[in-house]
Q: 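First the structure, which I've put down as structure tokens, then a few questions once you've had a look.
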Amino acid sequence: MRIGLGYDIHRLAQNRKLILGGVEIPYELGLLGHSDADVLIHSIIDAILGSVALRDIGYHFPDNDEKYKNIDSLELLKETNKLLLNEGYRIINIDSNIICQKPKLSPYIDNMRENIARVLNLELNQVSIKAKTNEKMDSMGEGLSISTNAVVLVERV
């Protein structure tokens, strides 16, 4: 068994969609980034890559490559899973946190879990997502950004 840890943070900005876990969430701000800026998926990708020492998301999907401009991060997750399987590993479980003050995410968590489980061919009970606030402290608590972290446990197939 091996463990991987992922982290990501993006600024909130006008005229962007807010996409988390492949779910578009109604909100006046969205995340700024080269792709769809789905910080949850990005931290899960980094956790998967880290679990088998395959560097990071920027190495495999660089933000200066136009083919990744506005790409759906679930597509990147699917490609990452192929890399993991090629290394001879499979995911046992994922545990993750989304840290933001607003909007309230609890109505969307189940859809996020379903998207991730579907793309990775996992059971729903293998994907955990928790929403946290930063108690109005720092850039997340002030509503300027959203960050995420994820841990993945993998085993050799």
Side-chain angles (χ1 to χ4, degrees), residues 4-52 54-63 65-86 89-134 140 143-154:
L5 174 65
Y7 170 82
D8 200 16
I9 186 169
H10 283 267
R11 292 176 193 261
L12 285 161
Q14 296 287 334
N15 303 313
R16 291 281 297 187
K17 293 179 180 179
L18 178 57
I19 302 192
L20 294 169
V23 176
E24 187 174 336
I25 297 168
Y27 193 54
E28 64 264 17
L29 301 172
L31 293 168
L32 191 59
H34 184 70
S35 66
D36 63 5
D38 188 332
V39 291
L40 177 60
I41 299 301
H42 294 180
S43 65
I44 292 171
I45 288 171
D46 268 346
I48 293 168
L49 293 170
S51 72
V52 289
L54 288 179
R55 299 192 61 165
D56 61 31
I57 189 172
Y59 178 80
H60 293 276
F61 313 109
D63 65 4
D65 189 331
E66 282 303 307
K67 74 178 172 182
Y68 302 120
K69 181 80 172 149
N70 297 318
I71 194 168
D72 180 341
S73 291
L74 290 174
E75 290 300 316
L76 303 179
L77 184 62
K78 185 184 299 184
E79 291 304 310
T80 302
N81 196 42
K82 289 178 187 175
L83 293 171
L84 180 71
L85 295 172
N86 286 341
Y89 286 84
R90 70 179 181 92
I91 296 170
I92 295 175
N93 76 301
I94 297 168
D95 187 24
S96 60
N97 292 311
I98 305 170
I99 303 101
C100 69
Q101 202 65 39
K102 290 190 234 179
K104 283 283 191 199
L105 299 177
S106 58
Y108 309 101
I109 297 287
D110 287 340
N111 287 342
M112 292 179 206
R113 291 177 62 218
E114 289 165 6
N115 286 341
I116 293 163
R118 182 186 77 253
V119 167
L120 297 174
N121 297 312
L122 300 174
E123 298 296 322
L124 196 57
N125 68 4
Q126 291 175 277
V127 180
S128 171
I129 301 170
K130 299 166 313 279
K132 312 298 277 178
T133 69
N134 253 18
M140 283 131 332
L144 302 174
S145 66
I146 295 178
S147 75
T148 57
N149 53 56
V151 177
V152 63
L153 181 63
V154 300

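Each residue takes its place number in the sequence, starting with 1. Here the structure is a predicted model, which is why all the values come from computation and not from measurement.
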Q: Rounded to the nearest 0.5 Å, what's the gap from NE2 on His10 to CG on Leu18? Could you check?
A: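 The distance works out to 11.5 Å.
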Q: Taking it one step at a time, do Lys17 and Ile25 satisfy side chain to side chain contact (heavy atoms under 4.5 Å, CB included)?
A: CA-CA 8 Å; Lys17 293 179 180 179; Ile25 297 168; over 6 Å; no
Q: I need the minimum non-hydrogen distance between Lys132 and Asn97, along with the two atoms involved.
A: CG-OD1, 4.1 Å
Q: Would you tell me whether Ser73 and His42 have side-chain atoms, one donor and one acceptor, within less than 3.5 Å of each other?
A: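 Indeed, the side chains of Ser73 and His42 share at least one donor-acceptor pair under 3.5 Å.
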Q: Report the distance from atom CD1 of Ile57 to atom CD1 of Ile44, rounding to the nearest 0.5 Å.
A: 10.5 Å
Q: Closer than 3.5 angstrom, by distance alone: can the side chain of Ser96 be matched with the main-chain N or O of Asn149 as a donor-acceptor pair?
A: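 No, the answer is negative, given that no donor and acceptor are paired below the 3.5 Å cut-off.
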Q: Would you name the heavy atoms of Leu49 and Arg55 that are closest together and state the gap between them?
A: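 Distance-wise, the nearest heavy atoms are CB-O, 3.7 Å.
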Q: How far apart are the closest heavy atoms of Met112 and Ile98, and which atoms are they?
A: SD-CD1, 3.8 Å
Q: Taking side chain as C-beta onward, heavy atoms only, is Ile91 less than 4.5 Å from Leu122?
A: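 Side-chain contact under 4.5 Å: yes.
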Q: Return yes if some donor-acceptor pair links the side-chain N/O of Asn111 with the main-chain N/O of Val23 below 3.5 Å, else return no.
A: no
Q: Can you check side chain to side chain contact (heavy atoms under 4.5 Å, CB included) on Val154 and Ser51, steps first, answer last?
A: CA-CA 7 Å; Val154 300; Ser51 72; 3.6 Å; yes
Q: To the closest 0.5 Å, what do you measure between CZ (Arg113) and CG (Asn115)?
A: 12.0 Å
Q: Of the non-hydrogen atoms in Asp46 and Gly6, which two are nearest, and what is the gap between them?
A: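 For Asp46 versus Gly6, the nearest heavy atoms are CB-CA, 3.9 Å.
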Q: In terms of side-chain geometry, is the basic nitrogen of Asp63 or Lys69 positioned less than 4.0 Å from the acidic oxygen of its partner?
A: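 Lys69 and Asp63: not salt-bridged.
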Q: Would the number of heavy atoms belonging to other residues, nucleotides or ligands and lying under 6.0 Å from NZ of Lys102 be above 12?
A: no
Q: Within the 4.5 Å heavy-atom criterion, are Phe61 and Thr80 side-chain neighbours or not?
A: yes
Q: Are Val52 and Leu84 side-chain neighbours, meaning at least one heavy-atom pair lies under 4.5 Å?
A: yes
Q: With a cut-off of 6.0 Å (strictly less than), are more than 12 heavy atoms of other residues, nucleotides or ligands near CZ of Arg16?
A: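 Check passes, neighbour count above 12.
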Q: With a 3.5 Å distance limit and no angle check, can you tell me whether Arg11 reaches the backbone of Leu32 through a side-chain donor-acceptor pair?
A: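 Between the backbone of Leu32 and the side chain of Arg11 there is no qualifying donor-acceptor contact (under 3.5 Å).
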Q: Side chains of Gln14 and Leu29, heavy atoms from C-beta outward: is any pair under 4.5 Å?
A: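 Side chain of Gln14 against side chain of Leu29, heavy atoms only: contact under 4.5 Å found.
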Q: Could you walk me through whether Leu120 and Ile94 pass side chain to side chain contact (heavy atoms under 4.5 Å, CB included), step by step?
A: CA-CA 11 Å; Leu120 297 174; Ile94 297 168; 3.5 Å; yes
Q: For Glu123, does the CD atom sit with more than 12 other heavy atoms under 6.0 Å from it, leaving out its own atoms?
A: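 12 or below, so no.
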Q: With a 4.5 Å limit on heavy-atom distance, are the side chains of Cys100 and Leu105 in contact?
A: yes
Q: Using a strict 4.0 Å threshold on nitrogen-to-oxygen distance, state whether Lys82 and Glu79 make a salt bridge.
A: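 Looking at Glu79 together with Lys82, the answer is yes, because their closest N to O distance falls below 4.0 Å.
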Q: Side-chain contact test, heavy atoms from C-beta onward, threshold under 4.5 Å: evaluate it for Leu83 versus Ile48 and give yes or no.
A: no
Q: Surrounding CG of Asn86 (heavy atoms of other residues, nucleotides or ligands, distance under 6.0 Å), is the total greater than 12?
A: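 Enclosed.
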Q: If you round to the nearest 0.5 Å, how far is CG of Leu12 from CD of Glu28?
A: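 Going from CD on Glu28 over to CG on Leu12, the span is 9.0 Å.
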Q: Leu31 and side-chain contact (heavy atoms from CB on, under 4.5 Å): which partner among Leu20, Asp8, Asp36?
A: Leu20
Q: Just wondering, do Leu76 and Ile41 contact through their side chains at under 4.5 Å, heavy atoms?
A: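 When only atoms from C-beta onward are counted, Leu76 and Ile41 do not touch, as no gap falls below 4.5 Å.
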Q: Glu24 side chain to Ile19 main-chain N or O, any donor-acceptor pair under 3.5 Å?
A: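 Side chain of Glu24 to backbone of Ile19: no pair is present.
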Q: Mind listing the closest non-hydrogen atom pair of Leu74 and Gly22 along with its distance?
A: CD1-CA, 3.8 Å
Q: Do Ile129 and Leu40 have side chains that get closer than 4.5 Å, going by heavy atoms?
A: yes
Q: Please round to the nearest 0.5 Å and tell me the distance separating atom CD1 of Ile92 and atom CD of Gln126.
A: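 Between Ile92 CD1 and Gln126 CD, I get 8.5 Å after rounding to 0.5 Å.
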Q: Using side chain to side chain contact (heavy atoms under 4.5 Å, CB included), reason through Ile99 and Ile146 one step at a time and then give a plain yes or no.
A: CA-CA 6 Å; Ile99 303 101; Ile146 295 178; over 6 Å; no
